[in-house]
Amino acid sequence: MTPPAVAVIGAGIAGLACARGLFGAQKPVTLFEKSRGLGGRLATRRVGRMAFDHGAQYVVAREPALQDYLDLACTTGYAQSWVPVAPGLPRLEPWIVGSPGMSSLLQPLAAGLDVRRAVRIVACQRRVGEWWLKTESGDELGAYDTLVLAIPAPQAFDLTRDLNDGFEIASRLGAVKMAPCWAVMAGFPERFDTSADLFKAEGPLTWAARDVSKPGRRSPHDCWVLHASPDWTREHIDAKPSAVGDALLPEFEKLVGPTPRGPYLDAHLWRYARVEQPLGEPCIWDPVMRLGVCGDWCLDARAEAAWISGTELAKKVLAGG
């Protein structure tokens, strides 16, 4: 007899960590990811010979299990340590980055898992003890014994608020507050002189990192990622990406001086990038509905928080209570 299956929506760190824990216990699990790639905000945008880690910039580990995984990723060539020139910015732990891009970091974690990419789930319904999922294209997928939502809290709220028994979960999700972030990708024809590879600042621009200073990046271009502050992003939430790039480039030049003319500029809006008010516990699990929710927003805005959340939820699913 085939054991009951689990559907996991979202193939970021939390979703992959949860699925890996279930898979390791011989639990059939299928992940559904709306994007073509894996990793959520551990993302890499490639444009010709340029590449930009436009989401999370690095990962640190204090949890032994995550440290073991990062060691594995480094040993197998999917990750390396990053030591940027960043005067005045102390580091308490090694910064680990994916190689040749942040999206590479999770390849060992995803190995062997059944991941359905470019599948957007827009609704879920529980019928007679089974979960059924509806895709953006109108297809219905099921049946699953257990459903895991490994997505930002506002998106999980949208999927649970109309469930007959989901009011309590939806109310907890509604208390979580997340902030947006505009990320600008700036590519210059050649490298230019600066005093550092990494800047943290106050004002509209809070972060500027030279991606080509990371190991495994072989682009002849100078590729930078610029992150706007939550307040500035909120004020410009409906702006066009080209306008965001034009507005933040002068802020970048305040840090590095004049830049070469005619750069490649694009921007991506991370609508749920940072955690302002976390849930305050590792995950949500309803053993009656067999519905779980996990993500970095359960604890705080760190990749390690997503790992912990997904791992803890897998334990609860396997315990069955």
Side-chain angles (χ1 to χ4, degrees), residues 10-17 34-35 39-45 52-63 66 82 86 89 91-93 95-98 102-103 105-106 149-158 172-185 198-209 211 224-239 241 244-245 247-248 251-252 267-284 293-310:
I13 298 178
L16 287 169
K34 66 179 181 179
S35 303
R41 294 194 301 277
L42 265 69
T44 304
R45 173 81 63 85
F52 304 91
D53 296 332
H54 57 302
Q57 297 292 291
Y58 60 88
V59 174
V60 299
R62 300 169 190 141
E63 182 79 8
L66 178 56
W82 179 37
L89 292 179
R91 298 195 307 170
L92 301 179
E93 308 96 352
W95 287 2
I96 304 300
V97 299
M102 283 301 291
S103 55
L105 185 62
L106 298 181
L149 305 180
I151 53 181
Q155 294 177 344
F157 175 83
D158 288 342
R172 295 166 70 186
L173 291 170
V176 175
K177 305 300 180 186
M178 304 190 74
C181 176
W182 270 114
V184 171
M185 293 152 278
L198 176 63
F199 298 89
K200 294 186 72 174
E202 302 290 337
L205 184 65
T206 60
W207 174 275
D211 265 10
W224 288 79
V225 170
L226 319 177
H227 283 173
S229 71
D231 288 343
W232 191 93
T233 299
R234 286 190 178 101
E235 292 172 4
H236 300 82
I237 198 77
D238 294 322
V244 171
L248 290 181
E251 298 294 329
F252 177 54
H268 177 84
L269 176 63
W270 296 103
R271 193 170 293 275
Y272 308 113
R274 302 175 184 179
V275 183
E276 293 184 323
Q277 177 60 54
L279 177 70
E281 53 188 297
C283 60
I284 296 174
V293 194
C294 61
D296 60 349
W297 49 266
C298 289
L299 296 169
D300 63 40
R302 294 186 296 119
E304 187 169 39
W307 173 280
I308 294 171
S309 181

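For clarity, every value in this text was computed on a predicted model and none was experimentally measured.
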About how many Å separate CD1 of Ile13 and CG of Leu66, when rounded to the nearest 0.5 Å?
-> 7.5 Å
Minimum heavy-atom separation for Gly39 to Leu106, with atom names?
-> CA-CD1, 3.5 Å
Are the side chain of Glu63 and the backbone of Glu304 linked by a donor-acceptor contact shorter than 3.5 Å?
-> no
With Tyr58 via ring-ring contact (aromatic ring centres under 6.0 Å, His included) - residues at least two apart = Trp95
Side-chain donor/acceptor of Ser229 to backbone N/O of Thr206, under 3.5 Å = no
Sidechain-backbone polar pair: Gln277 side chain, Val275 backbone, donor-acceptor under 3.5 Å | no
Taking the side chain from Ser309 and the backbone from Ala14, do they hold a donor-acceptor pair closer than 3.5 Å?
-> no
Gln57 side chain to Asp53 backbone, donor-acceptor under 3.5 Å | yes
Are Arg302 and Glu93 within salt-bridge range, i.e. N to O under 4.0 Å?
-> no
CZ/Arg274 to CZ/Arg41 distance, rounded to the nearest 0.5 angstrom?
-> 10.0 Å
Hey, is the main chain of Ala267 close enough, under 3.5 Å, to the side chain of Arg45 for a donor-acceptor pair?
-> no
When rounded to the nearest 0.5 Å, the distance separating SG of Cys181 from CH2 of Trp232 is 10.0 Å
Looking only at heavy atoms, which two atoms of Val59 and Ala303 are closest? And how far apart?
-> CG2-CB, 3.9 Å
Between atom CG of Leu149 and atom CZ of Phe157, what is the distance when rounded to the nearest 0.5 Å?
-> 13.0 Å
List the steps, then state whether side chain to side chain contact (heavy atoms under 4.5 Å, CB included) holds for Leu269 with Val244.
-> CA-CA 10 Å; Leu269 176 63; Val244 171; over 6 Å; no
Arg271 atom CZ: more than 12 heavy-atom contacts under 6.0 Å | no
Side chain of Ser103, backbone of Ala43: donor and acceptor closer than 3.5 Å?
-> no
Trp82 side-chain N/O to Gly98 backbone N/O, donor-acceptor pair under 3.5 Å | no
What's the spacing between Leu299 CG and Cys294 SG if we round to 0.5 Å?
-> 10.5 Å
Which of these, Thr44, Val97, Ile96, sits in a side-chain contact (heavy atoms from CB on, under 4.5 Å) with Leu105?
-> Ile96
Are His54 and Trp270 close enough that their ring centers fall under 6.0 Å?
-> yes
Where Leu42 and Ala56 come nearest, the two heavy atoms and their spacing = CD1-CB, 3.7 Å
Side chain to side chain contact (heavy atoms under 4.5 Å, CB included) between Leu173 and Ile284, worked out = CA-CA 9 Å; Leu173 291 170; Ile284 296 174; 4.0 Å; yes
What closest approach, in Å, do Ala153 and Met178 show between heavy atoms, and which atom pair accounts for it?
-> N-SD, 3.8 Å
Between the side chain of Thr233 and the main-chain N/O of Trp182, is any donor-acceptor distance below 3.5 Å?
-> yes
Distance from Leu89 atom CG to Leu198 atom CG, nearest 0.5 Å?
-> 5.5 Å
List the atom of Arg172, the atom of Leu279, and the distance in Å for their closest heavy-atom pair.
-> O-CD1, 4.0 Å
